[in-house]
Every structure is written in structure tokens, then in C-alpha cells.
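Step one of this worksheet: look at the structure below.
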Protein chains: 2
Amino acid sequence: MMDLGPRRMTTEARREQLLAFGRRHFAEHGYEAMSMDAIADRAGVSKGLLYHYFGNQRGFYMETVRSVTDEVIAITEPPAEQPFDQAFRVMVTCFVGYVQEHSAIYAALVRGGLGSDTEVNELLDRVRTTTMSRILERLGIRRPSALSQIAIYGWVSLIENGCAEWTAAGGASPSRLIDFFISAFEPVLEVLQSEQRS
Amino acid sequence: MMDLGPRRMTTEARREQLLAFGRRHFAEHGYEAMSMDAIADRAGVSKGLLYHYFGNQRGFYMETVRSVTDEVIAITEPPAEQPFDQAFRVMVTCFVGYVQEHSAIYAALVRGGLGSDTEVNELLDRVRTTTMSRILERLGIRRPSALSQIAIYGWVSLIENGCAEWTAAGGASPSRLIDFFISAFEPVLEVLQSEQRS
DNA sequence: CGGCATTATTGACGATTCGTCAATAGCCAT
DNA sequence: ATGGCTATTGACGAATCGTCAATAATGCCG
């Protein structure tokens, strides 16, 4: 349906091809909307091949999601040399840029448009906790209080869902969006500082 | 397994009983972790009865989720007589209180611990958009800009996920949490005011 | 070039689960 | 009591999941 013949590929190449297909497919159709037979047909391979590479239906979905979250984590790495304010802005800007480019799959993922259970949420949470750690590290905070962690976590949720809503609404003028995200961090910073003193 | 005999109940009473069971069951086991046969067995009724009341497996799950989101919307209605600041605080406080009491089901829902696809997210979004409308109405803003809506939406996501993280971390000292949520609204308010002028 | 070993790929199969529906059984009115 | 209404049941057909022995494409080596 998609490929030409059942050409024999190397394991790695086939795997990458199937994951790329998975992103497109799940972004459009979601999880469990189609049977594995139908998915395999659309991908141009046999059902057995999908099971061979990913174990089961969920495995295919999970690996696809992981390929996205890993990419987000890699792209939002803040530059090491710059001072906090600049590095922070770069991080936010890169995140918004990524969502803008990959809005189909990522916005759907954040907004729960795709099937998201405990296991999927663990992958999304890895993005959030990684971002938290980077911020805390840059600020030199080694042992944040419970409230501090909740504050940062809440802010990360704000930019995630704000971005998702933004792309859904057309995705115009990212600069003002970024400015708002940064200003929204101010109350968080205040919590961090007051908690740090005590 | 749960009930005594297959006593014949009124339609409404049976429905309420099954929904109450659904909350407990899905909070603990999630969606699609068990077959309908197993769920019916645990509920102490036949599988056919579940299908009779809710149409299909997803129907049972969706109705259960809806019973929760409807309750959240009802409980977070801000008092009409008081000025904005006070009404706003009451609303936030009620929300935190609800999450604290029903943390098992609601935190799981927000954090994606339960299966959440497009349809489920529509129900969760109804909570968010209702909160947005209430805030805008109280502030007398009739036609908010796109950025204004995104800002409020992001803030609502912040308190939702912040609460979920808070209960997961033990759920102590809600007053400081509430104070943070209210202070986190300040940047949103600035956006609303500046957008309103233009 | 040709035959062989390796392994990527397939499709039919058994097991499980979804959702249906005719049959059953409890409750109320007369 | 008894008869009608309807809440409730469980066996059935259809569809899907995941497995596995068979197949075929590729590369290697003589």
C-alpha cells in the first residue's frame, strides 16, 4: 500500500522507516483506531514484521512516542556557556520551534489526542523532569523543596499546553508567546528564591 | 464478586452504582487493562448489563470520566456576589480541595494515568474552557485575543498538573500551594490587560 | 558465476475478547 | 395468585491479537 515490493532491508533501516511511518500514522489516526492488519497494510509490510520489530501493538506505539520525546529532550538542551536568562530564553524558543514544526505529532501527544496511559505519561514526564533538572542546575539549586518542584513542574505544563493550544489556534507570532512564557516564570522564580532561603 | 445476588434495581439506582464502581475500578486499574468479562465479574453483574447501560466498553469508561468532570465543573463555580480577587481565590481553593479528596481518580485522569484520547480530552477540556469563561466573564472581557486565551489556558494547565504533582508528593500544606497558583496568575493578568487595551 | 547459509519477511492459525440477542427471572399492579 | 413489564443474563458469531513454521531475498565464498 505504501512501499513497492517486500524489499529486504537492513534491520536498522527498516526500523527507522517503520518509526517514521508510525509518527505519521499515529498523529493522524491515534492509537488503537486501526487493527494491526490494517496498519501493516498501510505501511506496506506484513503484520508479522511489525510484531517482529516491536513485540506487540503497544510496543510499536511506545517506541514511536519515545522517538519523539527523545528528540524533544535533545533539541531543548540549553547552551552551556551563556548566562541563565539567555540560556533560558533559548530553551523556550527551541521548544516552541519544535512544537511549531512537529505540531501534528507533538501537540496531539501533549493534549492527549493520542492514547496516553501510565506508560506513555512516563515518557512525557521524562521531558518535564529533564527540563526541571536543567533549570535547577543552572540556578545552582541542588535540593529544591517540594513546593519548588511543583512550581517548576506547573510552569512546564503551562508551556506545553500553551504551545499545543497555540498551534491549534493557528500558531502565529511566536515572539509574544515566548515573552509570555518567560514572564510566567517570574512567580516560579520567586518561590524558588524564598524556598531556598529557608 | 461484589454485590450479593442479582437483585433487580431501578434503572437510575443501578446506573449510579455502576458509575461509582467505575470510578474506583478505573482509578486503580486504568482503561483496557481488564476485559469486560473480568470487569463485570468484579462489579458483581453480567457483562450484558454493562453493555445494556453503556453501549460498549468505551461508553462505560467515558460516562465514568464525564461523571468526574461534571462534578469538578459544579464544585469550582465561583461565588457570584464577591469581588474578583476573593471569588478567584475561592475557586482555586475549591479546586485544590476537590483534587485532594478525589486524588485517586482525578490526578490519574489529569496526568494521563488513565487512557486519554481525543474524546476523553474533550471532557477535560470542558473543565478548562469553563474555567476560562468564568474568569473572562468576571473580568468583563468579552472578546479575548488569541494570546489571552492561550495565557489563561496555560495557567489552568499549570494548576491542574501542579495539583496532580502535589498530591503525588504527599499533598501537604495546601495554603502555600494556593498562594503560588494565585501569584502565577499575575503574568496572565498582565497579558489580559495589555491585550485588552489594543 | 553458482550454490549455500543466513535472516528478513510472510501469512495462516489458535486463543482471547468484543458486542449482540433471544431467553430468563424478579418486581408491581390488579 | 397471576400476568405483564422490563431488568438481567449467558451463550454465540465476528473480529482482533500475537505466534510460528515456512518462505524468499541477500551476501558470501569457492
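Note that the structure is a prediction, hence the values are computed from the model and not measured. Order of the sequence lines fixes the chain letters, A, B, ..., with proteins taken first and strands second; residue numbering starts at 1 for each chain.
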Length of the line joining [X]:[atom1] and [N]:[atom2], which is rounded to integer Å:
X	N	atom1	atom2	result
M9(A)	dT6(C)	CE	P	23 Å
M36(A)	dT16(C)	CE	P	19 Å
D37(A)	dC13(C)	CG	C1'	13 Å
F60(A)	dC17(D)	CZ	C1'	16 Å
I39(A)	dA15(D)	CD1	C1'	15 Å
L18(B)	dT8(D)	CG	P	8 Å

Original post:
Would you say R14(A) reaches dA8(C)'s phosphate, i.e. side-chain N/O to OP1/OP2 under 4.0 Å?
Top reply: no

Original post:
For dA25(C), does OP1 or OP2 lie under 4.0 Å from any side-chain N or O of R8(B)?
Top reply: no

Original post:
Considering only heavy atoms from C-beta outward, does the side chain of E160(A) approach that of F95(A) to under 4.5 Å?
Top reply: yes

**OP:** When you get a sec, tell me which of dC17(D), dG10(D), dG11(C) is the closest nucleotide to the side chain of S46(A)?
**Re:** dG11(C)

**OP:** Ignoring the backbone of S35(A), work out which of dT9(D), dC18(C), dC17(D) is nearest its side chain.
**Re:** dC17(D)

Original post:
So which of residues 48-59 of chain A are in contact with DNA chain D, with a heavy-atom cut-off of under 4.0 Å?
Top reply: Y51(A), G55(A), N56(A), Q57(A)

Check whether the side chains of [X] and [Y] place a donor and an acceptor atom closer than 3.5 Å, and report yes or no.
X	Y	result
R111(A)	T118(B)	no
Q86(A)	R89(A)	no
Y153(A)	R128(A)	yes
S133(A)	T130(A)	no

Original post:
Taking five pairs at each end, how big is the angle between the two axes of the helix from dC1(C)-dG30(D) to dT30(C)-dA1(D), to 10°?
Top reply: 0°

Original post:
Less than 4.0 Å between a side-chain N and a carboxylate O, is that true for E195(B) and R176(A)?
Top reply: yes

Original post:
Is the shortest distance from a Lys or Arg side-chain nitrogen in E137(A) or R142(A) to a carboxylate oxygen in the other one below 4.0 Å?
Top reply: no

Original post:
With sugar-phosphate meaning primed atoms plus P, OP1 and OP2, does T10(B) contact a base, only sugar-phosphate, or nothing at under 4.0 Å between heavy atoms?
Top reply: nothing

Original post:
Residues two or more places apart in sequence or in another chain: which of them pass salt bridge (Lys or Arg N to Asp or Glu O under 4.0 Å) with R66(A)?
Top reply: none

Original post:
Any donor-acceptor pair under 3.5 Å between the side chain of K47(B) and the base of dG19(C)?
Top reply: yes

**OP:** Using side chain to side chain contact (heavy atoms under 4.5 Å, CB included) as the criterion, point out the one residue from V65(A), V68(A), T64(A) that pairs with F26(A).
**Re:** T64(A)

